[in-house]
Amino acid sequence: MLRGEVRHPTALTVTDLRERWDQRRAEVVFDCATSGPRHHTFEGPLLREVVDDAMPVFDIRRRKDRSRFLLAVTGGDGHHTVLSWAEIDADFGNVPILLATAMDGRSLECVGSQLVVPTDRCGARYVSAITRVWVGAYAVPH
């Protein structure tokens with residue numbers, strides 16, 4: 001599940017996400033293009049903490065090195081989104097993006113974890129049934 005430019009690629013289940021990291025809670029409202037406002041409560045670890053444990057191959061002391069990294073998240077239905085490391089880094093955006101293990105009090109064990117971006121006004125970056133998180137640096141085209 002977690003691949004790319006990391007020292008410790010790993011496959012993680014919803015149970016792993018629930019048991020290995022502190023669970024955070026996010027009450028969110030986002031506008032769904034087809035059904036209007038959606039209200040949900042999610043629980044799960046911070047994406048940043050999960051990826052930190054995989055040890056991205058940047059120099060943690062160098063902000064500019066960290067700021068060129070991206071995260072691509074893919075869901076079971078083929079939906080995907082891209083985030084910048086700077087969005088989740090405490091020195092930059094510090095957005096509390098979750099890898100949800102529960103939604104509205106129900107476990108996501110059977111359907112898979114969900115990416116939750118609580119600061120987004122629309123739900124387009126909420127990726128369900130996550131199958132892969134890729135971490136890597138942006139390479140300038142020549």
Side-chain angles (χ1 to χ4, degrees), residues 1-35 37-141:
M1 168 185 164
L2 186 49
R3 304 274 185 264
E5 295 179 48
V6 295
R7 289 180 181 87
H8 302 292
T10 186
L12 297 167
T13 66
V14 172
T15 299
D16 294 331
L17 293 171
R18 188 176 52 253
E19 293 178 354
R20 292 176 52 190
W21 290 275
D22 290 338
Q23 301 295 287
R24 308 297 175 99
R25 184 181 179 99
E27 294 186 24
V28 300
V29 178
F30 60 85
D31 288 321
C32 178
T34 58
S35 61
R38 300 300 222 50
H39 300 261
H40 293 289
T41 301
F42 291 96
E43 294 176 40
L46 291 174
L47 172 63
R48 178 183 67 240
E49 292 175 356
V50 174
V51 176
D52 274 346
D53 280 359
M55 299 182 69
V57 293
F58 51 63
D59 184 344
I60 193 71
R61 298 165 299 184
R62 297 182 60 213
R63 289 183 180 120
K64 287 190 179 187
D65 196 28
R66 295 186 330 246
S67 70
R68 66 189 178 88
F69 268 66
L70 303 172
L71 300 102
V73 181
T74 304
D77 62 357
H79 183 75
H80 54 274
T81 195
V82 176
L83 306 160
S84 71
W85 181 264
E87 284 181 86
I88 63 175
D89 191 298
D91 285 338
F92 297 99
N94 201 27
V95 177
I97 296 173
L98 300 180
L99 292 175
T101 60
M103 180 175 85
D104 300 330
R106 293 183 309 268
S107 173
L108 295 175
E109 187 72 42
C110 293
V111 295
S113 61
Q114 181 167 336
L115 184 73
V116 176
V117 187
T119 55
D120 281 5
R121 290 181 28 208
C122 74
R125 294 198 300 175
Y126 283 57
V127 177
S128 298
I130 296 172
T131 58
R132 186 175 74 171
V133 176
W134 175 87
V135 179
Y138 172 72
V140 178

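The basis for the numbers below is simple: all heavy atoms, side chains too, and nothing from hydrogens, waters or symmetry mates. Here the structure is a predicted model, which is why all the values come from computation and not from measurement.
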Derivation and outcome, side chain to side chain contact (heavy atoms under 4.5 Å, CB included), residues Met55 and Val6: CA-CA 5 Å; Met55 299 182 69; Val6 295; 5.9 Å; no
Flag for Glu43-Thr101: side-chain donor and acceptor within less than 3.5 Å: no
Closest non-hydrogen atom pair between Tyr126 and Pro118, with its separation: OH-CA, 3.7 Å
Among Arg62, Arg48, Arg68, Arg66, salt bridge (Lys or Arg N to Asp or Glu O under 4.0 Å) partner for Asp89: Arg66
Candidate pair Thr74 and Ile130, rule side chain to side chain contact (heavy atoms under 4.5 Å, CB included), full reasoning: CA-CA 6 Å; Thr74 304; Ile130 296 172; over 6 Å; no
Residue list, salt bridge (charged side-chain N to carboxylate O under 4.0 Å, His left out) with Arg132, at least two apart or on another chain: none
Name of the residue among Asp104, Val116, Leu99, Leu115 meeting side chain to side chain contact (heavy atoms under 4.5 Å, CB included) with Phe42: Val116
Short side-chain to backbone donor-acceptor contact, Asp31 and Cys122, under 3.5 Å: no
Distance-only polar pair, side chains of Asp53 and Trp21, donor-acceptor under 3.5 Å: yes
Residue His80 excluded, over 12 heavy atoms near NE2 under 6.0 Å: no
Phe69 and Phe58 aromatic ring geometry - parallel, tilted or perpendicular at 30°/60° bounds: perpendicular
Ionic contact status for Arg20 with Glu49, cut-off 4.0 Å: no
